[in-house]
Number of protein chains: 2
Amino acid sequence: MVLPRAARTQRRTRIQEEKEELILEAALDVFATHGFRGSTIDQIAEVAGMSKPNLLYYFRTKEAMHRALIDRVLDSWLDPLREFDAEGSPVSEIRSYIRRKLEMARDFPRESRLFANEILQGAPHIEDELKGPLKSLVDEKAEVIRSWAKSGKIAKCDPYHLIFAIWSTTQHYADFDVQVRGVLGDERSGEGRFEDAARFLEQLFVSGLEIRDGGA
Amino acid sequence: MVLPRAARTQRRTRIQEEKEELILEAALDVFATHGFRGSTIDQIAEVAGMSKPNLLYYFRTKEAMHRALIDRVLDSWLDPLREFDAEGSPVSEIRSYIRRKLEMARDFPRESRLFANEILQGAPHIEDELKGPLKSLVDEKAEVIRSWAKSGKIAKCDPYHLIFAIWSTTQHYADFDVQVRGVLGDERSGEGRFEDAARFLEQLFVSGLEIRDGGA
DNA sequence: GTAATGTTTTACCAACCGGTCAAATTATCA
DNA sequence: TGATAATTTGACCGGTTGGTAAAACATTAC
């Protein structure tokens, strides 16, 4: 019988798992570089190496594909922030948060771009997640940072804008990769640029948050 | 006679100037939120309040509209960096560069998003500009920063990554506006968020670049 | 006023879009 | 093996897309 995908409650077939993975992989490629509206099912099908109706057998709509991707990415995207530990030392926590985010930008640039495209275009599919789970997590970690500042472990600063600054500087290397490479030139565009970036950002944030002698 | 737009060498009509401006304004709206491929001529025409063929009388293709916009934006986008003055004091130059970029993010968010979309999608229309004029300008200013570091006016750091960090943190408030608002919540999403951001970023960069006592 | 030019509209096209359908093919398992 | 269910394919559909042609309309210059 040919049941619509969503109606199947049975365990998934081996083929199903493989093909769905294959499709999401292709969809990630395409959505990440063209955004939702700029991507076509034909294009995704071609990258996945299958016919369009075949692809639509696994995901019944373009939106279903996009949603599946977004859900997966959004979840893993916040892992580094979840690991942010209130018990650790501020400097080492911030330092390793930066490192983790930078590693993600290096290792999963398509995921970062998928997300960036979605936000840029007004986050039509994930506004609820932004105002719900994401906000809660950030609120929680912002409170941690605030307490560090209050107890004099780091300089006083707005914790939300600190988080924004870490997000933007690290994701920049994934989202604006073409620009970064263009500006750095071919010689400096090797993988070493991530090490350079890590060094710079750690210096910036760590000494930028140090307590000054003449601090207010 | 009906000459193709590109072939007209005569002075432009009053109507031409007005309509072209009207169209570019509408196109900026649409391209900025949907990217090139995600935007349609019909949509732009509707926003501009004219019929599609009428619009196509002024810009013969979708690409022509996009190019006209990109050219204009790219130019004004670099103005703050051009003002970056080698003769000024490092701290005040960096401080006012941050302020200017932040003001642009606040006052011209669509322009920022148009640019972000273009880069995100691999900069298919402006790769040459990135590797040419943009790179040259950045190279020049990076040299200024390097000389400041060398003469001990600011901490040693990679000037390119410093510039990237300023770009990303400031443009973040335009490009990721939905996310910023979502996380800050309704109460803190007023215009005051730009003042908060300015305060935070100035503190971060200024004290992050100060010379340490125990500096290497 | 009128002729030349500039502008707008209506009607249209071929290609592409997201998605459906039914038939053909292949895998699974008793 | 054969029956049954899962997968793949090709043909197709209505709507949208970027863009054109030509005629109607408006504006300007003389």
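Here the structure is a predicted model, which means the values were calculated and not measured. Just so it is clear, the values below take in all heavy atoms, side chains as well, and ignore hydrogens, waters and symmetry mates.
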Side-chain N or O of [X] less than 4.0 angstrom from OP1 or OP2 on [N]?
{"X": "B/S51", "N": "C/dT8", "answer": "no"}
{"X": "A/Y58", "N": "D/dA6", "answer": "no"}
{"X": "A/Q16", "N": "D/dA6", "answer": "no"}
{"X": "A/Y57", "N": "C/dT20", "answer": "no"}

From [atom1] of [X] over to [atom2] of [N], roughly how many Å is that when rounded to an integer?
{"X": "A/E63", "N": "C/dC17", "atom1": "CD", "atom2": "C1'", "value": "14 Å"}
{"X": "A/I23", "N": "D/dT8", "atom1": "CD1", "atom2": "P", "value": "9 Å"}
{"X": "B/L56", "N": "C/dC12", "atom1": "CG", "atom2": "C1'", "value": "14 Å"}
{"X": "B/E17", "N": "C/dT7", "atom1": "CD", "atom2": "P", "value": "11 Å"}
{"X": "B/I44", "N": "D/dG19", "atom1": "CD1", "atom2": "P", "value": "11 Å"}
{"X": "A/E18", "N": "D/dT7", "atom1": "CD", "atom2": "C1'", "value": "13 Å"}
{"X": "A/M50", "N": "C/dT25", "atom1": "CE", "atom2": "P", "value": "20 Å"}
{"X": "B/E46", "N": "D/dG18", "atom1": "CD", "atom2": "C1'", "value": "17 Å"}

key: Pairwise 5' ranking along DNA chain D for B/K62 and A/N54, keeping only the more 5' one   =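 Result of the comparison: A/N54.
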Note to self: Heavy-atom nearest nucleotide on DNA chain D for B/I41 versus A/K19: which residue maps closer to 5'?
What the structure shows: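 Whichever sits nearer the 5' end wins; that is A/K19.
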Exercise for the section: Could you tell me whether B/D42 and B/K52 have a side-chain N and a carboxylate O separated by less than 4.0 Å? Expected result: yes
Quiz item: Between A/E195 and A/R99, does at least one N-O distance fall below 4.0 Å, as a salt bridge requires?
Solution: yes
Testing D/dA11, C/dG18, C/dG19 for proximity to the side chain of A/T61, the answer is C/dG19
The nucleotide from D/dA21, D/dT17, C/dT20 with an atom nearest the side chain of B/D42 is D/dT17
Under 6.0 Å between ring centres: does that hold for B/Y173 and B/W167?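 Not under 6.0 Å, so no.
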For residues B/F36 and B/H125, establish whether the separation of their ring centroids is below 6.0 Å.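 Between B/F36 and B/H125, the centre distance is under 6.0 Å.
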Sub-4.5 Å side-chain heavy-atom contact between A/L28 and A/R110: yes
Note to self: Can you tell me whether the side chain of B/K52 and the base of D/dG18 have a donor-acceptor pair closer than 3.5 Å?
What the structure shows: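 Side chain to base: pair found, below 3.5 Å.
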- Identify whether any heavy atom of A/T40 sits under 4.0 Å from a base atom; if not, whether one sits that close to sugar-phosphate; answer base, sugar-phosphate or nothing. sugar-phosphate
